[in-house]
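Notes follow the structure.
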Amino acid sequence: MNQENLVPLRYPLSAKGALEPPAEWAELRERCPVARVRLPSGDEASLLTRYDDVKMVLSDPRCTRRLDAEDAARISESESGGVFNAPMATALYSAGQQRWRMMLTKWFTAKRVNALKPGIVAMTDRLVDEMIESGHPADIKARVGFPLPVRVICDLLGVPDTDRDRFVRWSDMMLNLTRYGQTEIDAAEAEFGAYLTAHLDMKRADPGEDLLSSLLTATDADGAGLTDIQLVATGQALLVAGHETTANMIGKMLAMLLSERRRWERLVADPSLVRTAVEEALRFDANPGFGMPRYVEQNIEVAETLLPRGTTVMCSMAAANRDENTFAGADEMTLDRSPNPHLAFGSGPHSCLGQSLARTELQTVLEVLLRRLPTLELAVPAEELRRVEGLVVGGLRELPVRW
């Protein structure tokens with residue numbers, strides 16, 4: 001019954017609990033893998049929920065990120081259509097996605113990220129020290145989950161982490177789908193752009209060993225570099241994506257592990273499971289946010305359904321990650337699951353550039369907390385945890401814990 005749902009589903013789909021998947025996922029995968037949905041803007045799109053379909057579309061060159069096309073669906077209520085259509089996204093698209101990625105890839109290799117790990121461990125230990133000193137109950141999202149990723153990305157980009165509260169405010173406004181009007185969003189983008197323009201001018205005069213200093217002189221195979229607009233957009237994209245998604249995922253990962261005590265206790269008894277537990281948390285995440293939109297530039301067929309040129313497709317990686325045809329016991333959190341080919345970081349040429357860094361941060365937080373606070377537990381029932389609403393990125397409003 002692909003796209004036969006007479007009334008489009010309201011998207012994003014809602015769920016009963018902060019850690020629970022929407023009830024519709026299983027039915028859509030089984031009966032309507034290509035479903036009509038209505039986005040926050042009021043425009044319609046096609047929703048994919050099966051693993052094979054989502055993976056195919058994310059990897060298909062006919063399905064692009066050109067969401068500023070005239071007939072593409074607008075994502076949010078704002079005039080610009082949301083962060084996917086923002087000047088930042090347009091500037092990076094104009095840079096050539098693969099060309100841009102090639103110029104940044106060396107900064108996110110496993111080798112370079114491994115070299116950052118001792119510093120990330122030290123940062124995490126300091127944050128845990130401060131949380132312990134302040135006593136419990138404590139909001140571990142505010143005390144550890146949010147500060148760590150923004151400090152890491154500030155170090156990488158060579159921007160002062162004393163400005164991190166400004167980055168958090170700007171990214172919140174740019175990633176919000178419903179809370180802010182176009183005037184507020186435009187102001188945030190302008191302030192953020194002006195800040196990074198001034199910062200890049202400083203780096204030109206006094207370059208450091210950071211990523212932005214390197215990009216000022218970096219060139220591609222043809223000897224061309226990034227324009228000033230593209231450099232600013234790169235800084236914005238990395239600051240927003242580099243802290244917001246990981247910060248929220250730290251909170252959700254800990255909530256998943258603490259909501260069923262046996263999960264946490266198993267990791268305390270066997271910390272060697274940290275790596276596979278992080279991967280399983282990424283797969284099991286039922287509150288990932290908006291998913292990944294794609295614009296169909298040529299007619300394609302998905303799940304025996306024709307998607308004509310001009311269709312906007314919503315790829316629900318989280319729904320795909322619960323597909324029983326790919327993951328045995330998909331609705332169970334299996335801490336030693338291997339292999340685990342989840343789609344949390346996307347797939348194909350547009351997969352998340354910073355996934356090695358995100359994995360390292362998630363693993364580090366878990367390792368440090370297991371070592372420092374083995375008695376960590378939720379300070380409220382899991383049923384009382386609340387989702388962040390209206391953001392492109394899914395998360396929890398707070399995560400109260402004690403030890």
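Residue numbers run from 1 in the order of the sequence given. Here the structure is a predicted model, which is why all the values come from computation and not from measurement.
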Open item on the list: Give me the atom names and distance for the closest heavy-atom approach of G208 to S213.
Closed with: N-OG, 2.9 Å

Open item on the list: I'd like to know if the side chain of D270 reaches the main chain of R266, judged simply by a donor and an acceptor atom lying under 3.5 Å from each other, with no hydrogens or angles considered.
Closed with: no

Open item on the list: For a side-chain contact (heavy atoms from CB on, under 4.5 Å) check, start with the C-alpha distance between R283 and R322, then their side-chain angles and the critical distance, and finish with the verdict.
Closed with: CA-CA 8 Å; R283 182 197 72 82; R322 296 292 187 106; 4.1 Å; yes

- [ ] Could you go through the side-chain contact (heavy atoms from CB on, under 4.5 Å) check for L239 and Y195 one step at a time?
- [x] CA-CA 12 Å; L239 278 165; Y195 174 93; 5.6 Å; no

Task: Inter-residue atom distance L369.CG - L257.CG, 0.5 Å rounding - done: 10.5 Å

- [ ] For the residue pair Y295 and D68, confirm or rule out a side-chain donor-acceptor distance under 3.5 Å.
- [x] no

TODO: Could you tell me whether a side-chain N or O of R164 sits under 3.5 Å from a main-chain N or O of P147, the two making a donor and an acceptor?
DONE: no

Task: Separation between CD of E383 and NZ of K16, rounded to the nearest 0.5 Å - done: 12.5 Å

TODO: If the plane angle is over 60° it's perpendicular, under 30° parallel, otherwise tilted; pick one for F192 and W170.
DONE: parallel

- [ ] Look only at the side chain of R101 and the backbone of P349, and say whether a donor-acceptor pair between them is shorter than 3.5 Å.
- [x] yes

Open item on the list: Any donor-acceptor pair under 3.5 Å linking the side-chain atoms of E244 with those of S171?
Closed with: yes

TODO: May I ask you to test the V159-C154 pair for a side-chain heavy-atom distance under 4.5 Å?
DONE: yes

Open item on the list: Is it true that, when you exclude R359 itself, more than 12 heavy atoms of the residues, nucleotides or ligands shown sit nearer than 6.0 Å to its CZ?
Closed with: yes

- [ ] Ignoring hydrogens and angles, tell me if any N or O in the side chain of W264 forms a donor-acceptor pair with the backbone of T375 under 3.5 Å.
- [x] no

Task: Side-chain (R143) to main-chain (L127) donor-acceptor, under 3.5 angstrom - done: no

Open item on the list: Nearest 0.5 Å, please: how far is CG in L396 from CG in N248?
Closed with: 7.5 Å

Open item on the list: Using modelled atom types and a 3.5 Å cut-off, is there a donor and acceptor pairing between side-chain atoms of K252 and backbone atoms of G394?
Closed with: yes

- [ ] Output yes when D129 and R126 qualify as a salt bridge under the 4.0 Å nitrogen-oxygen rule, no when they do not.
- [x] no

TODO: Calculate, to the nearest 0.5 Å, the distance between atoms CG and CZ belonging to L307 and R294 respectively.
DONE: 14.0 Å

- [ ] Could you give me the CA-CA distance, side-chain angles and deciding distance for R99 and D222, then say whether salt bridge (charged side-chain N to carboxylate O under 4.0 Å, His left out) is met?
- [x] CA-CA 10 Å; R99 170 178 173 265; D222 298 323; over 6 Å; no

Open item on the list: So, taking the atom named CG in L226 and the one named CE in M103, what distance separates them when rounded to the nearest 0.5 Å?
Closed with: 4.0 Å

Open item on the list: Quick check: do V168 and H243 have side-chain heavy atoms less than 4.5 Å from each other?
Closed with: yes

- [ ] Keeping the roles fixed (side chain from R38, backbone from E44), state whether a donor-acceptor pair exists under 3.5 Å.
- [x] no

TODO: Nearest 0.5 Å please: distance from the CE atom of M292 over to the SG atom of C315.
DONE: 8.5 Å

TODO: Sort out for me which residue in M317, M253, H342 forms a side chain to side chain contact (heavy atoms under 4.5 Å, CB included) with L282.
DONE: H342

- [ ] For salt bridge (charged side-chain N to carboxylate O under 4.0 Å, His left out), just list the numbers for D52 and K55, CA-CA rounded to whole Å, side-chain angles, deciding distance to a tenth of an Å, and then say yes or no.
- [x] CA-CA 5 Å; D52 288 344; K55 186 175 182 181; over 6 Å; no

TODO: Give a yes or no on whether the backbone of F290 and the side-chain of Y11 come within a donor-acceptor separation of less than 3.5 Å.
DONE: yes

Open item on the list: Would you say that L200 contacts T197 through its side chain, given a criterion of any heavy-atom pair below 4.5 Å between the two side chains?
Closed with: no

Task: Any donor-acceptor N/O pair, E280 side chain to L335 backbone, under 3.5 Å - done: no

TODO: Count the heavy atoms belonging to other residues, nucleotides or ligands that lie under 6.0 Å from CD of E30, then report whether that count exceeds 12.
DONE: no

TODO: Kindly say whether Y51 contributes a backbone atom to a donor-acceptor pair with the side chain of D323 at under 3.5 angstrom?
DONE: yes

